[in-house]
Protein chains: 2
Amino acid sequence: MDAKHPVRTTEKTLALVEELMEKGPCGVTELASDLQMGKSAVHNHLTTLQKHGYVLKDGDDYRVGLKFLEVGGHSRKSMEVYQIAEPEVKSLAADTGELANLLVEEQGMGVYLMRAKGDDAVDLDTYAGLRTNLHTTALGKAILANLPESRVDEIIERHGLEQKTPKSIGTRQELFEVLEAVRERGYAIDDGERLEGLRCIAAPIKSSSGEVLGAISVSAPASRVSDEDLHGALPERVLSAANVVELNINY
Amino acid sequence: MDAKHPVRTTEKTLALVEELMEKGPCGVTELASDLQMGKSAVHNHLTTLQKHGYVLKDGDDYRVGLKFLEVGGHSRKSMEVYQIAEPEVKSLAADTGELANLLVEEQGMGVYLMRAKGDDAVDLDTYAGLRTNLHTTALGKAILANLPESRVDEIIERHGLEQKTPKSIGTRQELFEVLEAVRERGYAIDDGERLEGLRCIAAPIKSSSGEVLGAISVSAPASRVSDEDLHGALPERVLSAANVVELNINY
DNA sequence: AATAAGTGTTCTGGTCGGGAGAACGGGGGG
DNA sequence: CCCCCCGTTCTCCCGACCAGAACACTTATT
């Protein structure tokens, strides 16, 4: 489903925003050379974005503005799965003392909708809105395990199976074996695949018709998660949270 | 500082996104008639936005995607005042049991960066990213009170003094009197101006050079805030939270 | 001080692409 | 079965995007 008649001007604007996001605040000339555009074009785009609040000027540098947060925040707020799961994720974090997360799938990528920190939680560099490859996290695996096989293949084709660490899943074969195990267990595990020493347990949120709406997880340092915990009390607590959300969504 | 050579194509894209945000998911024809554009133009813009994750297609309807949350979330995460104030706002909410907020000023408007709910917190329809006129909230008044008079006048000229409720501040004169009182007290109050029965106390966060970086607040139903609390224990707790943030920002 | 080299901003014209309008395809209701 | 309305595709013309040059500053260097 590609754009047959892409609006090139809009694509330039978006490229500008994303470049500005990655590099942080910077000036017109630098952006122009990075994106191979003329200075005047960059300037026109930036002032247009500024006029509408999407970009701000700090002295001579430009940076992305909070208008994106308004649009994105509104979008998130209007998602049923967020509204219902939010309190559950918070209490999951409070009960376990660890870091709890909520992820949804969008265009084959995982998007963190929120994170809640318990009293002892590790501080990962995730944030609301962050995108990640589904096959690299427990959250993503919990979602993939509940998508039709054809859909999973589409996602592999579109985004590949990038290996973040040596432990990452690297082949289609390996992925499908892991997903089968997830389906049997009912929850997904990440034991140091994403980050050495970090253990993660995730459970899917499914609608009454069986469609996956997202996934909930808890992340904790391996030092606080014994091997028994990894397949005992912790998954149970995560599954129970996911279950409460499912019940509330399906009335 | 208006755009001298606005990129009209980009403005159409942005208008499309904002219309889509306000109306929620809807189809090409409806958007086209709302924005007085041709169907093909709308379609081209939407597919372009979709290609980059800013818009999604649900059946025949389009809706805004979470890419905005990624950009906005990244922008928020990179703000020093957010990084430092976030834990303080959370503990403010936990201590008081009420709703705590963090607001910053951008282009003359207030933008909520976050909200944290205590155990008894009321559930307002604010969300991270929401924009509000500064003169209508305690948070905004705490900020305005610490901006140069000329800046306040610019903001009045740009955004007016819209009256949300009959109690709202309606004239420049009235606003400046209120701001003077805020400066003397050190904190701002909203006693039912924004919402009948809601009381709100806000304190500014200032850098060592005296510049306002944002404001912190607590919102609670009037039934739980006695008149003594309104000028006693509660402001003290809010001021202390703001103070901790100031100390951490200024090292 | 005067110069040079960097910046962001403005201006203009040519040319490339955005978008109106018409045509297509397909799904749903009378 | 037909009709109406939807999203999508197509084509061609006119308008707008943007390269490049000129301008107005600030800052570093001589």
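Every chain is numbered from 1 and lettered A, B, ... according to where its sequence line falls, protein lines coming before strand lines. Here the structure is a predicted model, which is why all the values come from computation and not from measurement.
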5' priority, DNA chain C, between A:Lys39 and B:Ala41 [closest heavy atom]: A:Lys39
Separation of B:Glu30 atom CD from D:dG7 atom P, in whole Å? 9 Å
What orientation do B:Phe68 and A:Tyr54 show, parallel under 30°, tilted 30 to 60°, or perpendicular over 60°? tilted
Rounded distance in Å - CG (B:Asp2) to P (C:dG8): 20 Å
Can you tell me if B:His5 touches the phosphate of C:dT9, counting only side-chain N or O atoms and a distance under 4.0 Å to OP1 or OP2? no
Grab the CG-P distance between A:Leu46 and D:dC17 for me, whole Å please. 15 Å
Between atom CD in A:Glu11 and atom C1' in C:dC16, what is the gap in whole Å? 15 Å
Are side-chain N/O atoms of B:Thr137 and B:Thr132 paired as donor and acceptor at under 3.5 Å? no
Toward the 5' end of DNA chain C, which comes first, B:Asn44 or A:Asp60, by nearest nucleotide? A:Asp60
With a cut-off of less than 4.0 Å, is there a side-chain N or O of B:Tyr62 near OP1 or OP2 of D:dC6? no
For atom NZ of A:Lys4 and atom C1' of C:dG18, their distance in whole Å: 18 Å
Can a salt bridge be assigned to the pair A:Glu106 and B:Lys67 using a cut-off of 4.0 Å between side-chain N and carboxylate O? no
According to a strict under-4.0 Å criterion, is B:Ser40 in side-chain N/O contact with OP1 or OP2 of D:dC10? no
Under 4.0 Å between a side-chain N/O of B:Lys12 and OP1 or OP2 of C:dG19, yes or no? yes
Presence of A:Thr29 side-chain N/O under 4.0 Å of C:dG8 phosphate oxygens OP1/OP2: yes
Between C:dG19 (C1') and B:Leu16 (CG): distance, integer Å: 13 Å
Report yes if a side-chain nitrogen or oxygen of A:His43 is closer than 4.0 Å to either non-bridging phosphate oxygen (OP1 or OP2) of C:dT9; otherwise report no. yes
What's the CZ-P distance between B:Arg8 and C:dG19, to the nearest Å? 12 Å
Please report, rounded to the nearest Å, how far the P atom of D:dG7 is from the CG atom of B:Asp61. 7 Å
Going from SG on A:Cys26 to CG on A:Leu31, what distance comes out if it is rounded to the nearest 0.5 angstrom? 3.5 Å
Residue from B:Glu70, B:Arg76, B:His74 passing side-chain hydrogen bond (donor to acceptor under 3.5 Å, both in side chains) with A:Tyr127: B:His74
Considering every strand and a 4.0 Å limit on heavy-atom distances, what is the contact class for A:Thr9: base, sugar-phosphate, or nothing? sugar-phosphate
